[in-house]
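Structure, as structure tokens:
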Amino acid sequence: MIKYEPKTIEPKWQKKWLEEKTFSATNDTTKPKFYALVEFPYPSAQGLHVGHPRPYTGMDIVARKRRMQGYNVLYPIGWDAFGLPAENYAIKNHIHPATVTRENIDRFRKQIQALGISFDWDREINTTDPAYYKWTQWIFLQMFKKGLAYKKEMSVNWCTSCKVVLANEEVVNGVCERCGGEVTHKVKSQWMLKITEYASRLIDDLDGLDYIERVATSQKNWIGRSHGAEITFGTTAGDELQVYTTRPDTVFGATYMVISPEHAYLKKWAGLLANNNAIAAYQEEAAHKSDFERTELSKDKEKTGVKLEGVEALNPATGERIPIFISDYVLASYGTGAIMAVPGHDERDYAFAKKFGLPIIEVVAGGDIEKAAFTDCETGVMVNSGFLNGLAVEEAKKEITDWLLRNNKGEAKTNYKLRDWVFSRQRYWGEPIPMVWCETCGWVPVPEDQLPLELPHIEEFEPTAEGDSPLARHDEWVNTTCPHCGGPAKRETDTMPQWAGSSWYFLRYCDPHNTAQIAAPEALEYWMPVDWYNGGMEHTTLHLLYSRFWHKFLYDIGIVKTKEPYSKRTSHGMILGENGEKMSKSRGNVINPDVVVDEFGADTMRVYEMFVGDFEKAAPWNTSSIKGSRRFLDRVWSLQEMVLPSEDCRPEMEAPVHRAIKKVTQDIEQLKHNTAIATLMALLNDFLASGGVTRGEYKVLLHLLNPFAPHITEEIWEQMGFGAPISGQSWPVWQEDKTKEDTVEIVVQLNGKTRAHITVASNIGKEEAIALAKAEKAIAEGLQGKTIAKEIWVPGKLVNFAVKG
RNA sequence: GCCGGUGUGGUGGAAUGGCAGACACGAUGGACUCAAAAUCCAUUGGUAGCAAUAUCGUAUCGGUUCAAGUCCGAUCACCGGCACCA
């Protein structure tokens, strides 16, 4: 027998699969379809690291098994290649992002192909390809036409030294990551997408989907639907202040108000206010903080704020005058940018009131407001609240909301934490936003027949001194004519965020070479929705939500026929470094899969990554235990020397074989690849212990192992002369009656402690089992002189006597 | 801070409320070898015992149950996300 040499057999099969298009999906509608999707990678300059193959291999196993079960499987891959790192790399090294991106993609493709993932390489896509982003731009234009894209003044991070708009990630401890310079906020006019218009549908439509619990919960919490009321407070300035609250029942306890430092009334009221200087100073201070810092409620963080001198509010319930403060814990971006403060029943308000010596009134009895805010809605009863007194919180909410409506002082309101999507980036390496500004006509879309609006080739990637995209420097590109009136006009120079290209890529895979449409309607109808989408938890809120939003929009305009893009969503855990920390270049704990493939082979790499632990949980890499996976494959290989003459399964092997088929088949569908592999290892150990393997048994083992270790199994299959490749064969089926043994071992317990084991017929009944258990010596002794309070029988497993005395 | 998650031998991990530690890695001893590597065999949660066995043991404290790693409450530690990283 020749030695197991992954280095020769792996490239052999990879070449064959590519040449024969073994894994290319066809639009064969006679077969049931299965669309498996993994998040396409950002092709970074660092190349693939061992974290990437985990989801690819995990879904590859499902895809390969489903093909053998007769499904027409679509398992595609592509490149999410626009983005900040390529641009920053370009600025630093003076290499064009397009060049860097091309090189990175070539490297990634080579690395992934060396792993034997059954991707359909005929459908590879690339978000930076104009033929692809033509449709990203097209979708944006449709949104603009439907009023879902609009311009708004938004604040961005601004490095005062580099004069660059910074991503949040580039702001480290309040200073610029590159130069350490001071970071402030700068207001820029930005394109926004109205995702909030879809907020309720994005929550409600989760119900019919098979998303793992924590993903669905995260989506719901992120959208943050709450039911409450909008209440109108009068002011001594004559203007009305709207607040949103989820606790309208506590309005009698509102002893002051807080508005965000950015609130528009501050400007309006300047003439009435005596302390404009203090207010301006506070606004300046707040401008330096992120929303994240502002809402942080750490123990040692003191609440800050400034009282407005000269304007007071009127509590609509009590009619009393109450002070108004500005404080940074109130965000302009949530609700109305103003709150009624109820220190007795809100922790932040309580801390603020204590700091500023403001009155705290108890309006819900049940806690001790001397010590802390009482926030329990379940048990509280209303007090000090006029006509609400004596009511439970939920009743009081209804009562006060009705009262507010009758008195024209407010109404019930559903609110969302979700904010509209800031869609502009002042960067080069992204899809140009296909809009033109005309002094006469305003914002005019680039006509659809002029798409794609290609990104011009430039050599200078530094943003302008005003913080505009580097595209702004290229007058010959910027200056154009208005598509509407023909007059002089300027192109939008902002580009789209990286999220854009990944918000619809799963549709393009259905028909990736179509030049006339996103994809042919028949292709979309056949393949969509994605049957199973696996991705990282880090994409649970943003990418997943953005792509669901775009899909719903495309549904509304009739492009797709399903309301949701993904039927099922699962999530894999990260591969951590050997030290248990996240793998990163800066920590120096990155493992390159090439090294593993070179030393052990791709099949070992695949088996190890799937065996390392629960697919859904993070797992630390451990180089020294990889050899266990290699040893397993070596033993499967050397089984070739132990083949017994018989074709059939030996009688004593029927139960282990059928149980293994069942276990592996079921485990794969639950992504429990680690226990599936353990089952195969145990089956192999059974074969070795029995002195060999029959041809029939060997076939089953190779078949079940094939999705995990495709190269070695195909090679052995061929060398054994088993016929056509396994990838074209049908998946084994188990027979339930053959998985069962005739006898089972039953555990006998006294008060839950194991005291004996009995071996009985597997179909034994309760009475008989209990009688046999009582006959056991250890049990009989234990029961002596005691009363049996309860006899518990778990069929086929356990007898437990609860005894007293 | 807010939201979501995790915590089991020396290590990675397994366990529909029903024998905790499957399957591996490592370690120890042995076989083979001039020797080493590789391979094969045996042992391997702690404590006591020659052993049968007993007893403790799933982050901490408490609860529910005939029975808890699993369910409930509190605490601690760690990880992911927090809207311009992807």
Side-chain angles (χ1 to χ4, degrees), chain A residues 39 41-42 44 80 82-85 88 154 156-157 165-171 190 195 213-215 217-218 220-222 224 290-299 301 329 333 347-348 417-427 497-499 502 536-543 545-546 571 573-574 576 580-582 608 611-614 616-629 631-632 634-635 638 672 674-675 677-682 685 688 745-757 778 788-792 794 797-803:
Chain A
E39 287 164 347
Y42 173 75
S44 69
D80 188 15
F82 274 130
L84 201 52
N88 286 342
M154 289 293 292
V156 292
N157 300 309
V165 175
L166 298 176
N168 286 346
E169 198 192 48
E170 297 175 296
V171 183
Q190 310 250 51
I195 189 172
E213 191 68 33
R214 59 198 165 120
V215 170
T217 308
S218 295
K220 284 180 194 159
N221 289 343
W222 184 259
S290 66
D291 284 0
F292 172 49
E293 288 168 314
R294 286 171 53 165
T295 52
E296 200 169 19
L297 188 70
S298 60
K299 278 173 198 138
K301 197 209 160 198
Y329 78 97
S333 54
E347 284 170 27
R348 288 159 308 178
K417 282 200 186 115
L418 185 68
R419 309 203 291 256
D420 276 342
W421 176 3
V422 185
F423 201 66
S424 292
R425 299 291 183 271
Q426 290 72 42
R427 292 286 185 161
Q498 190 178 22
W499 305 113
S502 61
M537 274 314 279
E538 69 275 19
H539 292 293
T540 298
T541 44
L542 299 180
H543 161 65
L545 205 60
Y546 290 155
S571 227
M574 263 194 296
L576 306 172
E581 287 176 30
K582 191 175 172 172
Y608 171 70
F611 186 60
V612 71
D614 186 336
E616 296 200 336
K617 289 186 195 150
W621 184 264
N622 186 338
T623 300
S624 73
S625 56
I626 300 173
K627 64 178 68 134
S629 299
R631 240 176 245 165
F632 167 57
D634 280 334
R635 282 193 273 240
S638 55
K672 293 173 84 171
N674 53 336
T675 50
I677 292 168
T679 303
L680 293 171
M681 287 174 169
N685 291 344
L688 293 174
E745 195 173 67
I746 302 271
V747 176
V748 186
Q749 300 181 326
L750 288 181
N751 287 335
K753 295 211 171 191
T754 304
R755 283 294 175 268
H757 295 94
I788 298 174
K790 207 172 175 184
E791 291 170 343
I792 292 104
V794 181
K797 276 192 180 154
L798 163 144
V799 172
N800 185 17
F801 299 104
V803 296

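Worth knowing before you read on, the calculation uses all heavy atoms, side chains too, and leaves out hydrogens, waters and symmetry mates. Throughout, protein chains are lettered first and strands after them, A, B, ... in sequence-line order, and every chain is numbered starting at 1.
Judged by closest nucleotide on RNA chain B, A:Thr679 is the one of A:Tyr42 and A:Thr679 placed further toward the 5' end. Sequence order on RNA chain B of the closest nucleotides to A:Lys790 and A:Gly613 puts A:Gly613 first from the 5' end.
Base orientation of B:G29: anti, the glycosidic angle falling outside 90° of 0.
One atom, CZ of A:Arg419, and another, C1' of B:C2, lie 13 Å apart when rounded to the nearest Å. Across the protein-nucleic acid pair, A:Lys797 atom NZ and B:U16 atom C1' stand 7 Å apart, rounded to whole Å. Atom P of nucleotide B:G12 and atom CE of A:Met681 are separated by 17 Å, given to the nearest angstrom. Atom pair A:Phe611:CZ and B:C23:C1' shows a separation of 4 Å (rounding to whole Å applied). Atoms CG (A:Asn751) and P (B:U65) sit 14 Å apart, rounded to a whole Å. At whole-Å resolution of the value, CG in A:Asp80 and P in B:C84 are 15 Å apart. The distance from atom CG of A:Leu166 to atom P of B:A83 is 14 Å, rounded to the nearest whole Å. Note: NZ (A:Lys220) to P (B:G4) measures 12 Å, nearest angstrom.
The side chain of A:Asn674 places an N or O atom within less than 4.0 Å of a non-bridging phosphate oxygen (OP1 or OP2) of B:A14. At the phosphate of B:G4, OP1 or OP2 sits under 4.0 Å from a side-chain N or O atom of A:Asn221. Not one side-chain nitrogen or oxygen of A:Arg631 sits closer than 4.0 Å to the OP1 or OP2 atom of B:A38. Proximity of A:Asn685 to the phosphate of B:A24: a side-chain N or O atom is located under 4.0 Å from OP1 or OP2. Applying the 4.0 Å criterion to OP1 and OP2 of B:A67, one finds that A:Gln749 has every side-chain N and O outside that range. Between A:Lys582 and B:A86 there is no side-chain polar atom (N or O) within less than 4.0 angstrom of OP1 or OP2. One finds a side-chain N or O of A:Arg635 lying less than 4.0 angstrom from the OP1 or OP2 phosphate oxygen of B:C40. Dashed line: the shortest gap from a side-chain N or O of A:Lys627 to OP1 or OP2 of B:G26 is under 4.0 Å. One finds no side-chain N or O of A:Lys753 lying less than 4.0 angstrom from the OP1 or OP2 phosphate oxygen of B:U55. Side-chain nitrogen and oxygen atoms of A:Arg214 include none within less than 4.0 Å of the OP1 or OP2 phosphate oxygen of B:G5.
Nucleotide B:U43: paired with B:A27 (Watson-Crick or G-U wobble, both distances less than 3.5 Å). Base pairing analysis places B:G69 opposite nothing; no Watson-Crick or G-U wobble pair with both distances below 3.5 Å involves it. With a 3.5 Å ceiling on both atom-pair distances, the Watson-Crick or G-U wobble partner of B:C82 is B:G1.
Residue-to-nucleotide contacts include a donor-acceptor pair under 3.5 Å from the side chain of A:Gln190 to the base of B:C84.
Counting any heavy atom pair closer than 4.0 Å across all strands shown, A:Val215 reaches no nucleic acid atom.
Within the 4.5 Å cutoff, the side chain of A:Leu545 has heavy atoms near those of the A:Leu418 side chain.
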